[in-house]
Structures are given as C-alpha cells and as structure tokens.
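Down below is the structure, laid out as structure tokens.
Given the structure is predicted, the values throughout are model-derived calculations rather than measurements. So you know, we letter chains A, B, ... as the sequences are listed, proteins then strands, and number each from 1.
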There are 2 protein chains.
Amino acid sequence: MPEPTYPLGKTVVIERKGLRDRVYDLVLDMLVGQAVAPGTRLSIDAIARDLKVSPTPVREALVQLERTGLVTREPLKGYRVAPQITDGQLESLFDTRIVLEGGAASLAARHADSLVPRLEATLEEHRAVTEKVQEAARAGTLSVALLREYFTVDWNFHHLIFEGTDNPFLIDMSEVISTRVHRMRQTVLSGVTDAGDAVTEHTRIIDAFRTGDPEAAAAAMRDHIEKVRSRSRSDAHAH
Amino acid sequence: MPEPTYPLGKTVVIERKGLRDRVYDLVLDMLVGQAVAPGTRLSIDAIARDLKVSPTPVREALVQLERTGLVTREPLKGYRVAPQITDGQLESLFDTRIVLEGGAASLAARHADSLVPRLEATLEEHRAVTEKVQEAARAGTLSVALLREYFTVDWNFHHLIFEGTDNPFLIDMSEVISTRVHRMRQTVLSGVTDAGDAVTEHTRIIDAFRTGDPEAAAAAMRDHIEKVRSRSRSDAHAH
DNA sequence: CCTGAAAATATCCTATAGGATTGTCCTGAC
DNA sequence: GTCAGGACAATCCTATAGGATATTTTCAGG
C-alpha cells in the first residue's frame with residue numbers, strides 16, 4: 001500500500017542540525033561578518049558562556065572551523081582568529097584562484113547553455129547593486145551592509161560557475177577560496193574602486209561562454225582575476 | 001645576554017599533540033591502510049572502547065575527518081565510511097586533478113632549478129620500486145605492502161610538484177586530492193598495469209620542467225593524468 | 001507465516017566535573 | 001631597576017553522567 005502523498009508543494013527538507021552546527025554557523029557569521037581583529041583569542045569557555053551552551057559543542061564547532069583556515073589552533077593553548085593575510089599569501093591566493101576558477105570556467109563551458117541564463121540573472125543583480133554602491137559613494141553614505149551586499153552578489157557570479165561544473169570536488173574547494181576572499185576583502189577594504197570594472201569583465205566572461213569555447217571562457221576568467229589582482233595591488237599601495 | 005645555544009644537531013620539534021590528534025591519526029591510518037568496506041558504521045562509543053579513551057576526543061577526531069571526505073555524517077545517526085566512489089565522481093576527480101595539478105606544474109616551473117633535482121631523486125625511488133613490483137608480479141608474490149609502497153612513491157612525485165609551487169592553498173588542496181586518490185586505488189585496485197608507463201611519463205614531466213616553460217610543464221602533467229584516467233577506465237572495464 | 005506495534009537496547013548528543021597545562025601577577029634578591 | 005622564582009587564576013583537555021533519538025528485538029494479532 002503506497003503511503004499517501006501530501007500536497008506540500010516543494011517538499012522542504014528540514015535540516016536536522018545539532019547544537020554543534022548552529023554554533024558553527026554563528027561563529028562563522030561573526031568571523032566573516034563583523035571585522036574581528038586577527039590574532040584575537042577565541043576562548044572556548046567564553047564562547048560557551050556567551051551562547052549559553054556547554055563547551056563541548058563549541059569545541060567541535062571550532063575543530064570544524066579550523067579546517068576552513070579562518071581560525072588557527074595551538075594544542076593546549078587554544079584557538080585564535082587566523083592572522084592577517086600577508087602580501088605573499090595574497091599573491092598565492094590569486095594564483096590559486098586563477099588556476100581553480102580558470103579550470104572551472106573551462107569545465108563549466110560544457111553546460112554553457114543552461115549556465116548562461118543564470119549568469120545573466122546574477123549579473124543583472126550585480127549591476128543593480130553596483131549602481132546603488134556608486135550612488136551611495138557619491139553621496140558619502142556607503143554603509144557596511146551595502147558593501148557586504150555588493151561582495152555577496154559579486155561572489156555569486158563566481159560561485160555559479162563553480163556549480164556549473166557539476167564537480168563536487170571543485171565546488172568543495174571553492175568554499176575554501178570563498179571564506180578566504182571574503183575575509184581578505186574585510187581587511188583590505190578594496191573593491192570600491194572596481195565597482196564598474198567588475199560588471200564589464202563579468203559581461204565579457206558571459207560572452208566567452210556564449211561562444212561555447214572552453215578555452216575562451218577560461219581565458220576571460222583568468223583575465224578578470226588578473227585585473228582584480230592588479231586593482232588590489234594599487235589599492236594596497238594607496239593605503 | 002643571549003641564551004646558550006644547545007648543540008642538539010637538527011632541532012627536532014617535539015609535536016605536542018593531544019589525544020584528539022592521536023585518535024585522528026589512528027583512524028586515518030585505518031581508513032587509508034586496510035581496506036574497510038564503504039558504508040561501515042563508525043560508532044563513536046565503539047571506537048572509544050577500542051582505544052580505551054573517552055568518547056569526547058573520538059568525536060572531535062571524526063569531526064576533523066569529516067572535512068576530508070573520508071567519512072560522512074548524518075546528524076543524530078552517526079558516522080559512516082564514505083561510500084564507494086561512483087564512476088561520475090571518478091571522472092570529476094580526474095577533471096579536478098587536471099585543473100589543479102596542471103596549474104601547480106605551471107606555477108612550480110618558476111622554481112624549476114631547485115625542483116628538478118628533487119624530482120629526479122624521487123623518480124629514482126619510483127623506478128626502483130617499480131622494478132620490484134614487476135618482479136613480484138611475475139613471481140606472483142605481489143604483497144599489499146609492496147603495492148602500498150608503490151602508490152606512496154608514485155604520489156610523492158606529484159606531491160613534490162605541489163610543494164614546489166610554494167603555495168599554501170594549493171598544497172592544502174593537494175591533501176584533499178591525496179586522500180581521495182589513495183582511497184580510490186584501494187578499491188579500484190588499478191595501478192598495476194601502468195607500472196612502467198608512470199615512470200616514463202614522469203620522466204617527460206621532468207624534461208618539460210628542464211625547458212623552464214610553464215606551459216610545457218602543465219601540458220606534460222595534464223597529458224600524464226589523462227593517460228592515468230584512460231588506463232583506469234580500461235581497468236574498470238576489465239573488471 | 002507474515003505484519004505491525006511496543007518495549008528494550010544501543011547510540012548519539014549535551015552538560016558537568018576534575019586534572020593538566022599555560023599565562024599572569026606579585027614578591028624578593030641582586 | 002631588572003631578573004628569577006612561586007602562587008594564583010584562567011584555560012584547555014579528558015572523563016563521566018544523563019537525556020534524547022535511532023535501531024533492533026520481541027511479541028501479539030491476522
């Protein structure tokens with residue numbers, strides 16, 4: 001006898017998470033959200049007291065966070081917010097992005113047909129938010145919330161391409177890149193000068209996808225990231 | 001007053017690890033060592049009883065292992081050995097390797113001078129072990145230990161190139177690849193047919209590094225991995 | 001013999017307690 | 001004033017206990 005089907009529309013899968021996962025989400029939001037000084041101690045007991053939970057789930061959440069590179073651990077000494085990224089590491093991060101995202105673009109070109117419309121939709125959001133940012137910048141009322149929104153839609157474009165590869169390993173690695181990039185933007189505080197450039201470069205990437213040539217898509221992506229790198233350098237120098 | 005320097009020769013850094021890290025190492029060795037059936041339950045309490053420790057450090061070790069993809073977790077249900085890799089995932093894994101290792105070879109070519117000698121040394125080991133494997137295969141006395149030794153020296157070559165990039169992010173990602181590749185070889189049990197081919201292909205990679213051309217190194221690496229992929233396919237088909 | 005529900009067992013998850021280690025502060029000697 | 005040594009506090013780490021959830025077993029009814 002088949003069980004009755006309930007007309008729930010889209011069946012929303014209820015995520016059954018334990019305390020550990022909720023603590024993880026909270027601490028992660030705190031790290032990528034408000035800027036917290038690198039090197040700050042993350043006391044297990046203190047966090048537990050703050051969140052009104054026992055230290056046990058907090059410990060497990062921090063173990064999980066350690067793998068993302070956002071926090072570092074010294075045995076018997078505790079956890080700290082990962083130190084500020086050095087110039088050398090920043091270059092390494094861009095090198096890695098060029099390798100990873102260039103390759104992802106090449107692979108995603110296989111499914112360009114279904115990918116391009118989604119990229120266009122995201123680009124439209126990106127364009128809209130960019131206008132709001134530029135407007136606010138002229139008026140001198142550039143809020144942190146708006147900046148965060150801008151970073152999010154910007155990254156959404158890159159993330160879509162990773163998902164377009166349909167490759168679980170690459171998608172997994174994109175998460176690692178994502179946290180590092182977001183954290184970098186917090187501290188370096190760049191990304192305002194390139195408000196317009198990013199949109200036009202993303203447009204070129206979509207154009208490359210439309211040709212269906214994987215190498216063209218990869219080249220457009222590499223070119224974009226190289227330009228982000230050079231803009232980032234001049235920002236740092238202007239500091 | 002400078003503190004006295006102790007003539008300890010090479011100062012061995014004593015790793016201060018807690019119980020958690022030792023449990024992690026033990027379980028990891030068990031997973032990549034002896035073949036354990038995918039889907040096997042990893043009971044926290046059972047492992048704790050086996051190792052004569054409390055469940056707490058075991059839980060944290062498993063949280064850490066979850067990030068490597070070797071084990072999966074279902075909240076409130078427990079941990080399991082990650083399921084057998086599917087054919088589609090295997091293709092994705094090779095795609096990722098081509099992207100990642102091709103890019104790594106390109107970047108490592110910057111330091112080709114210091115890298116080539118180390119690659120040659122590892123290749124020599126690889127060649128020696130290969131002969132032992134072929135000999136044993138002819139005699140019909142191919143032990144698991146010898147096979148594991150072969151896989152190790154084979155991977156050492158690839159790992160050296162990652163280290164040659166001097167890029168912490170790429171090196172980190174190579175670890176993820178490493179565990180997956182080792183686990184795949186356990187189950188697929190390939191790698192015997194290509195005993196000779198791998199050495200010659202590695203030789204060609206070194207030759208490419210000698211030219212100093214990053215693109216040549218990347219191409220040689222991509223070519224090698226593509227060949228490993230096709231050999232893997234025919235092995236699976238022969239099964 | 002098979003089906004389905006209820007009890008029993010095993011397991012996961014969180015909380016609490018205590019030992020071990022590290023960092024800090026204070027005192028006293030040179 | 002500077003440095004060494006010791007006591008105190010804070011923190012990490014492991015162990016144990018108990019509630020909550022999942023799984024297995026048992027058993028009654030068809």
With sequence neighbours excluded, what pairs up with R49(A) under the salt bridge (Lys or Arg N to Asp or Glu O under 4.0 Å) test?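 Not a single residue meets the salt bridge (Lys or Arg N to Asp or Glu O under 4.0 Å) criterion with R49(A).
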Phosphate-side-chain proximity, K77(B) and dC12(C), N/O vs OP1/OP2 below 4.0 Å: no
If the cut-off is 4.0 Å, is S43(B) near the phosphate of dC12(C), judged by side-chain N/O to OP1 or OP2?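 For S43(B), the contact criterion (side-chain N or O under 4.0 Å from OP1 or OP2 of dC12(C)) is met.
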Return the value, rounded to whole Å, for the distance between atom [atom1] of [X] and atom [atom2] of [N].
X      : N       : atom1 : atom2 : result
R20(B) : dT14(D) : CZ    : P     : 8 Å
L19(B) : dT21(C) : CG    : P     : 12 Å
I44(B) : dA15(D) : CD1   : P     : 14 Å
D21(B) : dC12(D) : CG    : P     : 15 Å
D45(B) : dG18(D) : CG    : P     : 15 Å
R80(A) : dT22(C) : CZ    : P     : 14 Å

If the test is side chain to side chain contact (heavy atoms under 4.5 Å, CB included), which one of I44(A), T72(A), I47(A) qualifies with Y79(A)? I44(A)
Nucleic acid contacts - residues 50-73 of chain A versus DNA chain C, non-hydrogen atoms under 4.0 Å: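 V53(A), S54(A), P55(A), T56(A), P57(A), in order of number.
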Does CZ belonging to R73(B) count more than 12 external heavy atoms closer than 6.0 Å? yes
Please check if the number of heavy atoms outside R148(B) that lie under 6.0 Å from its CZ is greater than 12. no
Give one of base, sugar-phosphate or nothing for L42(A), where a contact means two heavy atoms less than 4.0 Å apart.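 Sugar-phosphate: the residue L42(A), judged by heavy atoms under 4.0 Å, touches backbone atoms but no base.
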Validation: residues 54-66 of chain A side-chain donor-acceptor distances under 3.5 Å, sequence neighbours left out:
| unit_1 | atom_1 | unit_2 | atom_2 | d |
| --- | --- | --- | --- | --- |
| S54(A) | OG | T56(A) | N | 3.4 |
| R59(A) | NE | E60(B) | OE2 | 2.9 |
| R59(A) | NH2 | E60(B) | OE1 | 3.4 |
| E60(A) | OE1 | R59(B) | NH2 | 3.4 |
| E60(A) | OE2 | R59(B) | NE | 2.9 |
| Q64(A) | OE1 | R20(A) | NH1 | 2.5 |

Please assess E91(B) against R229(B) for the test salt bridge (Lys or Arg N to Asp or Glu O under 4.0 Å), listing each intermediate value before the final yes or no. CA-CA 8 Å; E91(B) 294 294 326; R229(B) 188 213 294 262; 2.5 Å; yes
Could you check which of [options] has an atom nearest any side-chain atom of [X]?
X      : options                   : value
R49(A) : dT14(D), dT11(D), dC12(D) : dT11(D)
L76(B) : dT11(C), dT21(D), dT23(D) : dT21(D)
R41(B) : dT14(C), dC12(C), dT11(D) : dC12(C)

Within a strict 4.5 Å, meaning less than it, do heavy atoms of the T40(B) and R80(B) side chains meet?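 Answer no - side chains too far apart.
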